[in-house]
Amino acid sequence: MNNKRGICSLSAIPIRSNPSHESELVSELLYGETYDVVDENDEWLYIKTICDAYEGWIRKLQHTDFDVNHAEKTYIVASPITNFDGKVLSMGSFVTQKTPDSIQKCEPDAELFTKAAKALLGAPYRWGGKTIFGIDCSAFVQVCARVAGLSLPRDASQQASKGHIVYFLDEVKAGDIAFFKNAEGKIVHVGIMLSKDTIIHASGSVRIDAIDQTGIFNREIKRHTHQLAFIKRIF
């Protein structure tokens with residue numbers, strides 16, 4: 001076990017499933033996120049993130065040693081995109097001083113959760129992405145939750161273990177989280193409820209769609225695209 005710790009000092013760093021540029025993008029490090037180095041080879045580091053225990057490979061050239069003496073009170077970027085320290089940062093990044101686009105960690109706030117979600121409308125979908133330039137469904141929920149004062153796991157299947165079930169759509173509140181399953185019953189998609197019949201989620205892009213007992217209904221193509229598994233309340 002390596003005892004080295006790093007911090008993301010770039011706008012974002014890709015995390016890959018294997019030590020290769022051609023390997024699948026599984027997630028990204030956002031500016032200010034920290035990680036432990038678990039293993040390494042000549043060019044790559046195998047890391048485990050501190051915020052959500054996610055694992056994968058990053059380039060050694062993109063690693064910055066974390067110095068605990070430099071750790072300061074951190075703020076969270078709450079706008080879709082901002083400039084800080086000469087870098088373009090995306091929502092959910094950590095910065096060490098207050099800026100017009102950042103907030104201190106707050107008590108869990110469902111209204112802030114949906115506000116952050118709406119601010120990302122139109123962001124393109126990207127498997128493994130966590131930024132305004134490309135984000136997947138579970139990262140979208142995770143990043144918005146971070147802004148709203150709540151720490152969630154990275155993947156939809158992990159997020160599904162949080163909170164408690166909301167059994168009826170009529171009982172849904174804005175900020176509840178809906179989970180969707182495939183034919184085998186596996187959780188494969190997640191989104192944020194805006195009302196009992198509307199949901200915001202990352203599918204193609206961050207968009208708002210209708211939802212009913214069956215699942216998400218895309219009015220443009222006039223069919224259901226995701227099968228509802230259950231809805232949970234985390235706030």
Side-chain angles (χ1 to χ4, degrees), residues 15 17 24-28 30 49 51-54 56 80 90-92 110 113-148 150-169 171-235:
I15 303 176
S17 58
E24 176 189 21
L25 180 73
V26 294
S27 191
E28 291 180 297
L30 299 182
T49 60
C51 64
D52 55 17
Y54 217 72
S90 192
M91 181 184 289
F113 187 41
T114 56
K115 180 181 178 182
K118 291 175 183 175
L120 290 174
L121 268 172
Y125 179 89
R126 184 187 186 207
W127 179 274
K130 281 177 63 174
T131 77
I132 184 67
F133 303 108
I135 195 165
D136 64 31
C137 66
S138 56
F140 169 65
V141 172
Q142 184 192 46
V143 165
C144 294
R146 177 181 292 176
V147 171
L150 198 61
S151 178
L152 287 180
R154 175 63 176 82
D155 290 342
S157 59
Q158 300 168 317
Q159 294 169 358
S161 67
K162 304 300 180 181
H164 60 273
I165 293 282
V166 178
Y167 289 99
F168 304 103
L169 281 175
E171 297 175 351
V172 162
K173 294 181 180 179
D176 290 344
I177 301 179
F179 295 91
F180 303 86
K181 60 187 178 181
N182 62 13
E184 290 74 44
K186 179 182 177 183
I187 299 299
V188 293
H189 191 66
V190 62
I192 301 168
M193 300 294 292
L194 297 179
S195 69
K196 66 179 182 180
D197 52 15
T198 55
I199 184 169
I200 184 168
H201 63 129
S203 180
S205 64
V206 175
R207 53 182 290 136
I208 296 174
D209 280 312
I211 183 171
D212 57 26
Q213 294 285 0
T214 299
I216 296 175
F217 185 80
N218 185 315
R219 292 190 179 95
E220 296 166 9
I221 59 176
K222 296 181 173 56
R223 67 176 178 86
H224 287 91
T225 57
H226 299 81
Q227 183 181 0
L228 182 63
F230 49 80
I231 297 172
K232 284 201 160 183
R233 182 161 298 154
I234 59 170
F235 289 95

Item to check | Verdict with supporting geometry, Leu194 and Lys118, side-chain contact (heavy atoms from CB on, under 4.5 Å) | outcome: CA-CA 9 Å; Leu194 297 179; Lys118 291 175 183 175; 3.9 Å; yes
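- In this structure, Ala110 and Ala174 approach most closely via the heavy-atom pair CB-O, 3.9 Å.
- Residues Phe235 and Leu150 meet the side-chain proximity criterion, which asks for heavy atoms closer than 4.5 Å.
- With values rounded to the nearest 0.5 angstrom, Ile165 atom CD1 is found 8.5 Å from Phe179 atom CZ.
- Taking both residues in full, the closest heavy atoms of Ile208 and Leu121 are given as CG1-CD2, 3.9 Å, listed atom of the first, atom of the second, then distance.
- Although no hydrogens or angles enter the test, the distance criterion places a donor-acceptor pair under 3.5 Å between the side chain of Thr131 and the main chain of Phe133.
- Checked by atom type and distance alone, the side chain of Asp209 never pairs as donor or acceptor with a backbone atom of Ile216 at under 3.5 Å.
- Residue Ile187 comes nearest to Ala229 through the heavy atom pair CD1-CB, 3.7 Å, listed as atom of the first residue, atom of the second, then distance.
- Residues Cys137 and His189 meet the side-chain proximity criterion, which asks for heavy atoms closer than 4.5 Å.
- Taken from NE2 in His201 to CZ in Phe180, the straight-line distance is 7.5 Å, to the nearest 0.5 Å.
- Here Asp136 contributes atom CG and Ser203 contributes atom OG; the two are 11.5 Å apart, rounded to the nearest 0.5 Å.
- Residues Ile199 and Phe217 are not in side-chain contact: their nearest non-hydrogen atoms beyond the backbone lie 4.5 Å or more apart.
- Proximity of Ser138 to Gln158: side-chain heavy atoms (C-beta onward) are nowhere separated by under 4.5 Å.
- A donor-acceptor pair under 3.5 Å links the side-chain atoms of Arg146 to the main chain of Gly92, judged by distance alone.
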Item to check | Steps toward side-chain contact (heavy atoms from CB on, under 4.5 Å) verdict (Val26, Tyr54) | outcome: CA-CA 9 Å; Val26 294; Tyr54 217 72; 4.1 Å; yes
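- Between the side chain of Lys232 and the main chain of Ala160, a donor-acceptor pair closer than 3.5 Å is present.
- Between Gly129 and Ala139, the shortest heavy-atom distance links the atoms O-CB, 3.2 Å.
- Listed here is the closest heavy atom pair of Ala116 and Cys144: C-SG, 3.8 Å.
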Item to check | Evaluation steps, side-chain contact (heavy atoms from CB on, under 4.5 Å), between Leu152 and Ile177 | outcome: CA-CA 12 Å; Leu152 287 180; Ile177 301 179; 4.1 Å; yes
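- Residue Ile15 holds its CD1 atom at 8.0 Å from CG of Leu25, rounded to the nearest 0.5 Å.
- Two residues are said to be in side-chain contact when any heavy atoms from C-beta on lie closer than 4.5 Å; Lys186 and Lys181 fail this criterion.
- Each of Lys130, Arg126, Arg154 was evaluated against Glu28; a single residue qualifies, Arg126, per the salt bridge (Lys or Arg N to Asp or Glu O under 4.0 Å) test.
- Of the possible donor and acceptor atoms, none in the side chain of Thr114 sits under 3.5 Å from a partner among the backbone N and O of Gly175.
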Checklist entry - Could you go step by step and tell me if Tyr167 and Val172 meet the side-chain contact (heavy atoms from CB on, under 4.5 Å) rule? => result CA-CA 8 Å; Tyr167 289 99; Val172 162; over 6 Å; no
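- Within the 3.5 Å criterion, the main-chain N or O of Lys222 finds no donor-acceptor partner in the side chain of Asn218.
- Note that OG of Ser151 is 7.0 Å distant from CG of Asp52, once rounded to the nearest 0.5 Å.
- Scanning both residues, Met91 and Leu30, for their nearest heavy atoms gives O-CD1, 3.6 Å.
- Asp155 and Ser157 form no side-chain donor-acceptor contact under 3.5 Å, judged by distance and modelled atom types alone.
- The distance from the CD atom of Glu220 to the OG1 atom of Thr225 is 10.5 Å, given to the nearest 0.5 Å.
- Side-chain contact check for Phe140 versus Ile200: some heavy-atom pair is nearer than 4.5 Å.
- Distance alone, capped at 3.5 Å, is enough to place a donor-acceptor pair between the Asp212 side chain and the Gly215 backbone.
- Phe113 has its side chain within reach of Ile192: a pair of non-hydrogen atoms, C-beta onward, lies under 4.5 Å apart.
- In this structure, Gln142 and Gln159 have side chains that are in contact, with non-hydrogen atoms separated by less than 4.5 Å.
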